[in-house]
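Just so you know, residue 1 is the first one in the sequence shown, and it goes up from there. When reading the values below, keep in mind they use all heavy atoms of this one structure, side chains included, and skip hydrogens, waters and symmetry mates.
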Amino acid sequence: MQDFDIIIVGAGINGCALAHALHDKGKRVLVLDKEGIAAGGSGAAGAFINPKISKAGPLKELIEDAYRFSLEFYIKHVPHLCTPAPLLHIAKYADDNDKVSYFKSHTSLNQMSVPSSVQGLLTEHAKAFASVCLKENAVLEAQQVCEALLEGVPYVKQEVKNPCYQNGQWYIDSYRSPVMVLTTGAYESVIKDESIQLRRIYGQRCEVESPQVLDMTMHHEVSVSATKKNGRIAIGASHYLHEEQMPSLQEESETLMEMAKKSFKLEEIRLRDSFRGMRSGSNDYLPIVGQMIDIDKSLALAPQALKGDKTAPVCYKDGLYIINGVGGYGFVLAPYLASMLAEHLISGKEIEAYLQPKRFYYRYAKNRGKQQ
C-alpha cells in the first residue's frame with residue numbers, strides 16, 4: 001500500500017494546478033486520470049487568460065481576482081509556455097455593447113489605446129461593436145502547461161472505480177490517503193452527488209501558421225491569439241451544448257478560420273492542428289470548491305433543510321473535496337481556486353460560502369421537500 005497526503009482524481013488544469021500548489025507546500029500528492037494529462041477539455045482549450053467582460057456580479061469579481069493571480073502565476077512558473085500580449089475584446093453582439101462599455105468604465109484592470117497596427121486588422125464588421133483593450137493578457141500552451149505543473153508529482157494513468165473510505169483513509173487499489181479531491185470536470189462522476197448539476201460545453205481550438213505576426217490577442221465572435229512563442233496562432237470558441245451538434249474537426253476548423261476572418265484581416269493562414277474537448281460549467285455559472293456534502297446524513301441531522309432553511313447544519317463527506325464548474329475560464333480560475341483549496345486543506349482557511357458545494361445541497365433539499 002502506497003501512502004499519500006492527498007489523492008487528486010483528474011489531470012486537467014484544475015487537478016494539475018492543485019497538485020502543483022500542494023506539492024509546493026511539501027505535501028505528498030498523487031494524481032490519477034484514466035485518459036492522460038489534459039486529455040479532455042483542458043488539452044483542447046485555447047488557454048486564453050482573460051477576465052469576464054460583464055457588469056458587476058460575484059462571478060465577474062472572482063474572475064478578475066483570478067485573472068490577476070493567474071497571469072502572475074503562469075509568467076512565474078511556466079514562462080516558456082506563456083505568451084504575454086495585450087487583449088482587444090470586442091462585443092460579440094450589439095446587445096453586448098452596453099456590457100463592454102460598462103466594464104470599460106468600471107474595471108480596475110490596466111487599459112490602453114488600440115494601436116494603429118491593430119486598428120488596421122479590424123474589418124468594418126468588427127469596428128461596428130464596442131470594445132475594450134487591456135494591457136495585460138496571455139495565452140498558454142494548454143497541454144504542456146498541465147504537464148509542467150505536475151513536474152515532481154507522481155501521476156498514474158488509471159481509471160478510478162469504487163474508491164472506499166474506511167478508518168480515516170480513502171483507498172484506491174494500492175493507494176491510500178486521508179483526503180481525495182475530485183477534479184474530473186463534466187466526465188463521469190467518481191462519486192455521485194445528485195445535488196450538483198453540471199452543464200457540458202463543447203469547445204474547439206485550431207492552430208494556424210501565417211507569415212503575419214500578431215502582437216495582440218483579439219476576441220470577437222471567436223478568439224484569435226497573438227502569435228505565440230511556438231510561431232502559431234490559436235483560434236478558439238466554445239459554443240456547442242450537445243456533442244451531436246458538432247461537425248467534424250476539419251469542418252469546425254474551417255468554420256473557426258472563416259469566423260476569424262469575418263472580424264480580422266488575417267493573411268495566408270494555414271491549418272496545422274485541431275482540438276476538441278468538453279468543459280464543465282455549474283448551473284449557476286459559479287465554480288465549485290470545497291468539501292462535499294453527505295446528503296442523507298445532513299437531512300437526517302437537520303430535516304428543516306427540506307423547508308428551505310439555509311441555516312440548517314450539514315454533514316460533510318469525510319476527506320472528500322471537489323473543484324469543478326469552471327466552464328470556459330478553466331485556465332484563468334484554476335491556479336486561484338487551487339491556492340484557495342490548498343490553504344483550506346493545510347491551514348483550515350475558510351472558503352467563501354458562495355463557492356462551496358453546500359449551496360447546491362440547500363437548493364436540492366428545498367426542491368426535494370416540495371416533492372414530498
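- More than 12 heavy atoms of other residues, nucleotides or ligands shown are found within 6.0 angstrom of CD on Gln111.
- Taking the side chain as every heavy atom from C-beta outward, Leu62 and Tyr336 approach each other to under 4.5 Å.
- Of the possible donor and acceptor atoms, none in the side chain of Trp170 sits under 3.5 Å from a partner among the backbone N and O of Ile7.
- Using modelled atom types, one side-chain atom of Asn97 and one backbone atom of Ala130 make a donor-acceptor pair closer than 3.5 Å.
- A donor-acceptor pair under 3.5 Å is formed between the side chain of Arg199 and the backbone N or O of Ser282.
- Using modelled atom types and a 3.5 Å distance limit, the side chains of Thr217 and Ser225 yield no donor-acceptor pair.
- With Ser174 contributing its side chain and Met1 its backbone, the two residues share no donor-acceptor pair below 3.5 Å.
- The existence of a salt bridge linking Lys157 and Glu35 is excluded, since no basic side-chain nitrogen approaches an acidic carboxylate oxygen closer than 4.0 Å.
- Lys229 contributes a side-chain N or O that, together with a main-chain N or O of Pro79, makes up a donor-acceptor pair within less than 3.5 Å.
- Summarising the local packing, CD of Glu352 is surrounded by 12 or fewer heavy atoms from other residues, nucleotides or ligands at distances under 6.0 Å.
- Without hydrogens or angle criteria, Gln291 side chain to Ile322 main chain gives no donor-acceptor distance under 3.5 Å.
- A salt bridge links Arg176 with Asp3; the closest basic N to acidic carboxylate O contact falls under 4.0 Å.
- In this structure, Pro51 and Leu109 have side chains that are in contact, with non-hydrogen atoms separated by less than 4.5 Å.
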